[in-house]
2 protein chains.
Amino acid sequence: MKIDPNSSKDLSAQIATAIRDAIVAGDLIVDQRLPSEAELADQFEVSRPTVREALKRLAAQSLIRTQRGATGGAFVNRLRYAEAYTQQVTTSTLLLSMNAVSFDVACEARYALERACAPMSAQRRTPDQLATMRAEIHRQSQPDLSDEAFCASDVTFHRALVDGAGNKVLSYQLAGAVEAMQPLMNMITFSARSREAIVALHTELADALTDKDAARTDQTLVKLEAYTRELAQNVADARARKAAEKESTTA
Amino acid sequence: MKIDPNSSKDLSAQIATAIRDAIVAGDLIVDQRLPSEAELADQFEVSRPTVREALKRLAAQSLIRTQRGATGGAFVNRLRYAEAYTQQVTTSTLLLSMNAVSFDVACEARYALERACAPMSAQRRTPDQLATMRAEIHRQSQPDLSDEAFCASDVTFHRALVDGAGNKVLSYQLAGAVEAMQPLMNMITFSARSREAIVALHTELADALTDKDAARTDQTLVKLEAYTRELAQNVADARARKAAEKESTTA
DNA sequence: AATTTTCATTTGTCATACGTTTAAAGGTTT
DNA sequence: AAACCTTTAAACGTATGACAAATGAAAATT
């Protein structure tokens, strides 16, 4: 592992890349201890703070973990689903919020992905997952629920549906998409009537999954997508009307 | 933004989290300049190296960028698809390689996701994307192509298919899944006959998409998934046989 | 033998200093 | 007055040295 002191990039960035490449290539294996910060500083011919900055970069990506003490040091971390999942949600959320992604595009992506695991979910869903869905449906029926709590429950419901496919890779990939949508969903104010409609569709989904009816699950997801987009459209229209009114009174 | 000096976590980790939360919450907007390192050190009542470690953590996630010079500093970075995509691929690749994900699970996830965008791709694919697919098919027909180059071409082909859906969010989510599979795919040695079969299926996919035939696209993807799993199974069987032989000669 | 103490190692944090980059302010020349 | 050069100050990048805190292992003690 070598670095170029004359490169335009930071030394810490170069060192981080070098170590990351070694991990990805398998030269450093899980739970293996890296040399101490002092040793790394010697090897790369830089100071300890520079090495530390590089290690912090790797720690931010959960590639290493550090331990203090006599037998401490930096260790190659086994990337777990939970960590990867958290990172993915953060990244996806920021990506959507920073790039003016339209509600329709995000919604289309989300339901396309969800429909992808519907057939598997209909076949493999566990009683536990069905119970989670029923519990969330019940929660969503509470009249005094805040809009945000309603959305959070919606996410939990859909995660149970996705997890029902019994494929961890699929769950991991979709979790990001479903959860990243939440801020966009939060912009919608749910009327009592629209909540009722959504609860009805959720119930239909749970029923279809209970019956292992893949086709009906798929159809219900299509209905739910259409209804969600209709709701968002109404909100957008209402805003546009309000803006127009304000314009006319000002003029 | 406050931190707890008595927490078990590193100060730099706490500071990074505080700033990240501010970005996610929208308190810090894109291109906004953060206070200088010295000012942050004063605000958080820590030293500059500690602040720098926190900033490097954020830089590793592409949340900020830094500039040197008189008007330099740390700026909130607009997370672009390309950056998010790179991070996602790294994370997904490591997740798969470190967690002994079976080929079948990864393969199932990949094709489920790909089938999710097949209908949209059949409708919206551009001539450019069709041309890319044809070009990759042609490349895959070259007999002197290495296995790795064949896999890389396979990835490009499937990315064109995914991009054909014309949904950036979908492309972003799927790119990780498709690309992360590549190391697993590389374990397969493609015989001349199996390459021929794959090229034929790819041609069928391109034809179906050219005809905007969603159903045929979907069916072909199912066939391709089945064939891919069959190939992987053969490789696994061959390995098992070899191991058994070795066992018997040793014993 | 069990317990306590000591000790060396390693990360976490701090203070300080200096080099490098960069843009803007100021001065000089045409 | 305009264009060009010089200076300067701000900010990051890097280095050095030091000390604190954690931690496990070795040594000493009971």
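So that the names make sense, note that chain A is the first sequence line, chain B the second, and so on, each numbered from 1.
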[X] [atom1] to [N] [atom2], straight-line distance once rounded to whole Å:
X	N	atom1	atom2	result
A/I15	D/dA15	CD1	P	8 Å
B/R48	C/dT13	CZ	C1'	15 Å
A/Q14	D/dG13	CD	P	13 Å
B/D10	C/dT10	CG	P	18 Å
B/R65	D/dA11	CZ	P	17 Å
A/E37	C/dG12	CD	P	6 Å
B/E53	D/dC12	CD	P	16 Å
B/L11	D/dA20	CG	P	16 Å

*If every non-hydrogen atom of A/A106 is compared with every non-hydrogen atom of A/L184, which pair is closest and at what distance?*
CB-CD1, 3.8 Å

*For A/Q61 and A/L79, work out which heavy atoms get closest and say how close.*
O-CD1, 4.3 Å

Would you mind telling me which of [options] lies closest to the side-chain atoms of [X]?
X	options	answer
A/R52	D/dC12, C/dA23, C/dT11	C/dT11
A/S47	D/dT16, C/dT13, D/dG13	D/dT16
A/R68	C/dC14, D/dA20, C/dT13	D/dA20

Under 3.5 Å side-chain donor-acceptor pair for [X] and [Y]:
X	Y	value
A/T93	A/T90	no
A/S171	A/D163	yes
A/Q88	B/T91	no

*Starting at the 5' end of DNA chain C and moving along, which residue's nearest nucleotide shows up first, B/A70 or A/A74?*
A/A74

*To the nearest 10 degrees, what angle separates the axes at the start and end of the helix from C/dA1-D/dT30 to C/dT30-D/dA1, five pairs each?*
10°

*Residue whose nearest DNA chain D nucleotide is more 5′ - A/G69 or A/E45*: A/E45

*Starting at the 5' end of DNA chain D, which residue's closest nucleotide do you reach first, B/T71 or A/K9?*
B/T71

_I want to check one thing: is the phosphate of D/dA15, taken as OP1 and OP2, less than 4.0 Å away from some side-chain N or O of A/T50?_
yes

*So, is A/T66 near the phosphate of C/dG12, with a side-chain N or O under 4.0 Å from OP1 or OP2?*
yes

*Would you classify A/R33 as touching base, sugar-phosphate or nothing, given that sugar-phosphate means primed atoms plus P, OP1 and OP2, and contacts are heavy atoms under 4.0 Å?*
sugar-phosphate

*Which part of the nucleic acid, if any, lies within contact of B/K56, taking any heavy atom under 4.0 Å across all strands shown: a base, the sugar-phosphate backbone alone, or nothing?*
sugar-phosphate

*Any side-chain heavy atom of A/T228 sitting closer than 4.5 Å to one from A/M185?*
yes

_Cation-pi check, B/R159 onto B/Y85 ring (under 6.0 Å, within 45° of axis)_ = yes

*asked:* Please evaluate residues A/V76 and B/M98 with respect to the criterion side-chain contact (heavy atoms from CB on, under 4.5 Å), reporting the C-alpha separation (whole Å), side-chain torsions for both, the decisive distance (0.1 Å), and the verdict.
replied: CA-CA 11 Å; A/V76 178; B/M98 284 181 173; 4.1 Å; yes

